[in-house]
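The structure appears right after this line, and notes come after that.
Just follow the structure's listing: the first ligand is 1, and inside any ligand the first atom is 1. Below, each value reflects all heavy atoms present in this structure, side chains not excepted, and no hydrogens, waters or symmetry copies. Predicted model, so just to flag it, every value in this text is computed and none were measured.
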Amino acid sequence: MPDINDAEQPETLAILPEVEQTQAEVTDFAALGLSEPILKALAEKGYSKPTPIQAQAIPVVLMGQDVLGVAQTGTGKTASFTLPMLDILAGSRARARMPRSLILEPTRELALQVAENFVQYGKNLKLNHALLIGGESMSDQKAALTKGVDVLIATPGRLIDLFERGGLLLRDVRVLVIDEADRMLDMGFIPDIERIVSLLPQSRQTLFFSATMAPEIRRLADAFLSNPKQISVSRPATVATTIKSGLVLVNEHDKREALRRLLRAEAVQNAIVFCNRKRDVDILLKSLLRHSFAVGALHGDLPQSVRFATLEKFKAGELQILVCSDVAARGIDIGGLSHVFNFDVPHHAEDYVHRIGRTGRAGREGHAYTLAAPADKLAVEAVEKLTGGAIPRIVIEGLDPAEWSDEDGRRRGRGPKKDRERERDREMGGADKERKAEPVGRPVRDQHRKPERRERDSNAEVRGFGENVPAFMLIRRRGASPAATDEEPRGPEDSGSDIAA
Ligand code: AMP
């Protein structure tokens, strides 16, 4: 087995090669040490045997050891931690506001999916969970915590918000899961994660999952884990030999026509179409609706309720096609997705792997088609380098011939770093809206930081009242225009920006 701590690992987000899969072929769920109620739930779900990550991780987690899992979505990694956690937690009960385990997810969608897993696998156990995610009522979440939760599933921003409001105590957390660490890094969540981990008891079990092992991720794993069992499973592009992929080189102005032709030519049961920019999600949605496709769209600026409703319609088969940005689609798990289309070649090669991992899951056949414009040459090369093979070229008859150009399409518009910052801001959006709805004068984080700031500034010369202006002097006169001090302070994320998710 290659050592993932090997210093020779490339700086780039290399995906580790296939390892340790033999165990999975000889074992079944019962042999992994799971209890009867869980085995029953698995049988009802129709899972006949564990996936490689499950076969390797479950016994280790049950023994109380830390795990460093290098695996992507589509490998069954969610069950590899949820199943043994259910067994570990089944023995005792939680106290109010003191969750016994914590699962950190980078996005709301992933958090919801993990929660769904707990409900399904834990249906024969009396365990409860709570979700702390942006865009949902904070008071409901507080109320759930007050009852005592066995499993707390959270996105980092909302967890810190609630912690700072005093609605949560983390000193009873015995099991911590950090899922999709590479995506957490991409979205700028690492400082939040470090803060959260510093609030947890030292003696805990930590399960850490990442699709890739960049140096920064390895640093975190070293800091958070104690003598972990390292488990790597192969990338979906290798696991899912069931994915048939193809790439069409097409002029920018022909992309929508090319997509329509592919959609009509293929036996599309249900498909996700990925766009790089939120604006393009909207344009493509309108275009496909005009051409009478049963299509919906997901992107970060849509209200949560609309996103859920669209997702439900898609799951129910009322919509055949979902046009998405990467963030909105992150981790969406829809059984039997027949096709993935990349309307744009992703800016980050690793997103290609995440995107096509939506199809060809659990042994089913899937199709992944990518439309590449002439300026996407370097982006396509990056994808092919990462996945270790050329994507077969496809020609669509009747469209203008296209040639690769030397322009680097990834440099146009927003750079990748900005995209990530925006992605992150967007994910934080729900939490900020929530904060504004609270009847407090300023964001809670600022209130907490204020005393520190005062201490730091205590030697500075103070004129008049300084920061300590008595409240009565701030009362606004009837009819007076609002003074700056009357306005609710706005955090940088509150600017209602035009964010490309
Ligand atoms: P994940 O990698 O956790 O996102 O899981 C990918 C998909 O595989 C989900 O739809 C799971 O419900 C499904 N899955 C997980 N474990 C198994 C299993 N042992 N057998 C069949 N499907 C599974």
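In this structure a side-chain-to-backbone donor-acceptor pair under 3.5 Å is missing from R158 to T155. Without hydrogens or angle criteria, K229 side chain to A57 main chain gives no donor-acceptor distance under 3.5 Å.
Taking every non-hydrogen atom of K49 and a distance limit under 4.0 Å, the qualifying atoms of ligand 1 come out as 18 (C), 19 (N), 20 (N). Near T78, the atoms of ligand 1 lying under 4.0 angstrom from a non-hydrogen atom of the residue are 1 (P), 3 (O), 4 (O).
The proximity of F29 to ligand 1, defined as any non-hydrogen pair under 4.0 Å, is limited to the side chain. Under 4.0 Å from ligand 1, the heavy atoms of Q54 that appear belong solely to its side chain.
For ligand 1, the polar-atom distance check finds no N/O of S48 at less than 3.5 Å from any of the ligand's N/O atoms. Annotation: T75 places an N or O atom under 3.5 Å from an N or O atom of ligand 1; distance criterion only. Looking at ligand 1, you'll find an N or O of G76 within less than 3.5 Å of one of its N or O atoms.
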> side chain to side chain donor-acceptor pair (under 3.5 Å) between S226 and D66: does it pass, once the steps are laid out?
Replying inline: CA-CA 6 Å; S226 156; D66 284 3; 4.7 Å; no
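Cation-pi geometry between K49 and F29 is not met at under 6.0 angstrom from the ring centre and within 45 degrees of the axis.
Here the CE atom belonging to M98 is positioned 11.5 Å from the CZ atom belonging to R100, to the nearest 0.5 angstrom.
Taking the six-membered ring for Trp and the full ring otherwise, F81 and F209 have centroids separated by under 6.0 Å.
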